[in-house]
Amino acid sequence: MTETLPAQRGTIAPEEVADLRRVGISPDFWYPVAVSASVRRGKTFAARFAGERIALYRTEGGVVYGLEDRCAHRQVPLSMGVVEGEALRCCYHAWAYRGDGRISQIPYLPKGAPRPPRGVRAYPVREAYGLVFVFPGDPSKADGAALPELPEFHSQAHRTMTYSRTVGCHYSFLHENLLDMNHQFLHRGVVGRIHPELLDYETGLDWVQARYQFTHTAGKKSAGAALLTTPARSAPHVITIRTGYPYQTLQLSAGAGPPAFSLWAAYVPEDAGQRTSHTFGLLMIAKPPVRGALNLAWPFIRRFTERVFAEDRMAVEAEQRAWDEQGRDCNREVFPLILDVRDVLRSNGVPIAPEPGCAGRC
């Protein structure tokens, strides 16, 4: 069901029945866990998803595999191991594993001796948009789950800036931060004084989308902010933000023209309690008509976006610290849009699992 809502509603939702910060993200989606360039040929990379340690490795043939980051023998992390051809060998006793997690060799085991019946868990892996995605949920659902569609990433009319940062908070704080543009006062030193007007928003079972109009009222923008929005200078800025579970997108447009830029973001829990998230972002910027202009503007845009991100990180990490100190969500939220996105995140999430253990896999 889809519901189109005006900018403001007359009532405030009742007290929430469940603490969203105790809701885990659903594992049955594709999540980025590394930048592709960080997983080098013939090397390993230690990644994490919600307390699960994952050893990524790229074979000599260039294929990336993801294995549970423990050797079945002595539990030493396989991310400390050595890539040999298409296999990953543990650094301790040299047990070797195929990309499907099965043990391919125990070098000192006598010929004909029985091998352990199990290796380690293998995760479905895909590479797209310069990122390594894993499917940490039910493997039988992986083929039916779609990767995000980002046509601007491959467009010759755009250039993409990639972000990979750890933030000390529950993933829901990050969804709320981007969707609730009423926090522009936080960025007054970077973009000046901005008046955000919520034009309207829509909501469905697994998504919320809002449109804002930004009006610059006072103060000076940074050079990066001005350069990033150059194609849209001549008209009011309309920003469209969407939480399409579990991802989030933002576009800035002016008039009927194409967006000046599009942002795609994923917030991937790292720890079992899901109080630390790794943010992966792809900022796809439209190239201006002047050839090479975007290349010249690139360092200024990078500096601007890093300053905004640093301010947002300061705020959401402060929210997480307050939750940790109080032991529950004491927020008094009054913005209907945020109450609705909380419902989406809560209804599509899962209970946070206890600390991972062998759980019958050993």
- [ ] Can you label the angle between the Tyr31 ring and the Phe49 ring as parallel, tilted or perpendicular, going by 30° and 60°?
- [x] tilted
Task: Plane angle bin for Phe133 and Trp264 - parallel if under 30°, tilted between 30 and 60°, otherwise perpendicular - done: tilted
Is there a donor-acceptor pair closer than 3.5 Å between any side-chain N or O of [X] and the backbone N or O of [Y]?
{"X": "Tyr129", "Y": "Leu150", "answer": "yes"}
{"X": "Arg53", "Y": "Asp69", "answer": "yes"}
{"X": "Arg321", "Y": "Gly168", "answer": "no"}
{"X": "Glu68", "Y": "Arg121", "answer": "yes"}
{"X": "Asn348", "Y": "Val344", "answer": "yes"}
{"X": "Lys287", "Y": "Gln156", "answer": "yes"}
{"X": "Arg332", "Y": "Cys330", "answer": "yes"}
{"X": "Trp30", "Y": "Ala145", "answer": "yes"}
{"X": "Thr59", "Y": "Glu86", "answer": "no"}
{"X": "Arg275", "Y": "Cys169", "answer": "no"}

Task: Residue that, paired with Tyr267, satisfies ring pair (Phe, Tyr, Trp, His ring centres under 6.0 Å) out of His170, His175, His278 - done: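 Passing option: His175.
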Open item on the list: Which residue is it: Tyr171, Phe29, Trp207? I am looking for the one with a ring pair (Phe, Tyr, Trp, His ring centres under 6.0 Å) to Tyr245.
Closed with: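 Testing each of Tyr171, Phe29, Trp207 against Tyr245, the sole residue satisfying ring pair (Phe, Tyr, Trp, His ring centres under 6.0 Å) is Phe29.
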Roughly how far apart are [X] [atom1] and [Y] [atom2], rounded to 0.5 Å?
{"X": "Leu345", "Y": "Leu179", "atom1": "CG", "atom2": "CG", "result": "9.0 Å"}
{"X": "Leu282", "Y": "Leu263", "atom1": "CG", "atom2": "CG", "result": "8.0 Å"}
{"X": "Met181", "Y": "His195", "atom1": "CE", "atom2": "NE2", "result": "14.5 Å"}
{"X": "Tyr97", "Y": "Leu67", "atom1": "OH", "atom2": "CG", "result": "9.0 Å"}
{"X": "Asp100", "Y": "Ile103", "atom1": "CG", "atom2": "CD1", "result": "11.0 Å"}

Taking [atom1] in [X] as the centre, count heavy atoms belonging to other residues, nucleotides or ligands within less than 6.0 Å. Is the count above 12?
{"X": "Glu149", "atom1": "CD", "value": "no"}
{"X": "Arg302", "atom1": "CZ", "value": "yes"}
{"X": "Phe300", "atom1": "CZ", "value": "no"}

With a 4.5 Å limit on heavy-atom distance, are the side chains of [X] and [Y] in contact?
{"X": "Ser262", "Y": "Thr249", "value": "no"}
{"X": "Leu178", "Y": "Ile241", "value": "yes"}
{"X": "Val63", "Y": "Val125", "value": "no"}
{"X": "Arg342", "Y": "Ile338", "value": "yes"}
{"X": "Arg74", "Y": "Cys90", "value": "no"}
{"X": "Ser347", "Y": "Leu205", "value": "no"}
{"X": "Arg58", "Y": "Ser36", "value": "yes"}
{"X": "Val341", "Y": "Gln248", "value": "no"}

Looking only at heavy atoms, which two atoms of [X] and [Y] are closest? And how far apart?
{"X": "Ala293", "Y": "Pro288", "value": "CB-CG, 3.7 Å"}
{"X": "Ile352", "Y": "Gly24", "value": "CG1-N, 3.4 Å"}
{"X": "Ala72", "Y": "Gly119", "value": "CB-O, 3.7 Å"}
{"X": "Gly42", "Y": "Glu60", "value": "CA-OE2, 3.8 Å"}

TODO: Just do the side-chain contact (heavy atoms from CB on, under 4.5 Å) check on Cys71 and Val120 with the steps written out, would you?
DONE: CA-CA 7 Å; Cys71 179; Val120 295; over 6 Å; no
Same apolar cluster: [X] and [Y], side chain cutoff 4.5 Å:
{"X": "Ile239", "Y": "Leu283", "answer": "yes"}
{"X": "Val83", "Y": "Leu56", "answer": "no"}
{"X": "Leu78", "Y": "Val82", "answer": "no"}

Open item on the list: Run Val134 and Glu52 through side-chain contact (heavy atoms from CB on, under 4.5 Å) and show every step you take.
Closed with: CA-CA 12 Å; Val134 301; Glu52 297 180 17; over 6 Å; no
TODO: Measure from NZ or CZ of Arg126 to the centre of the six-membered ring of Phe135 and say whether it is under 6.0 Å with the direction within 45° of the ring axis.
DONE: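 Pair Arg126/Phe135 does not count as cation-pi.
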Open item on the list: Looking only at side-chain N and O atoms, does Asp138 offer a donor or acceptor that is under 3.5 Å from a partner on Ser140?
Closed with: yes
Taking NZ, NE, NH1 and NH2 as the nitrogens, is one of them in [X] or [Y] under 4.0 Å from a carboxylate oxygen of the other?
{"X": "Arg165", "Y": "Glu306", "value": "yes"}
{"X": "Arg346", "Y": "Asp343", "value": "yes"}
{"X": "Asp19", "Y": "Arg328", "value": "no"}

TODO: Walk me through it: do Phe214 and Leu252 pass the test side-chain contact (heavy atoms from CB on, under 4.5 Å)?
DONE: CA-CA 10 Å; Phe214 271 22; Leu252 183 143; 6.0 Å; no
TODO: Would you sort out whether Leu250 and Phe261 count as a side-chain contact (heavy atoms from CB on, under 4.5 Å), showing the intermediate values?
DONE: CA-CA 8 Å; Leu250 180 151; Phe261 64 83; 3.4 Å; yes
- [ ] Quick one: do Gln251 and Thr240 satisfy side chain to side chain donor-acceptor pair (under 3.5 Å)? Show the steps, please.
- [x] CA-CA 5 Å; Gln251 289 187 330; Thr240 302; 5.6 Å; no
Under 6.0 Å between the ring centres of [X] and [Y]?
{"X": "Tyr163", "Y": "Phe309", "value": "no"}
{"X": "His187", "Y": "His183", "value": "yes"}
{"X": "Tyr212", "Y": "His237", "value": "no"}

Open item on the list: Suppose the criterion is salt bridge (Lys or Arg N to Asp or Glu O under 4.0 Å): which pairs have a residue in residues 186-197, not counting sequence neighbours?
Closed with: none
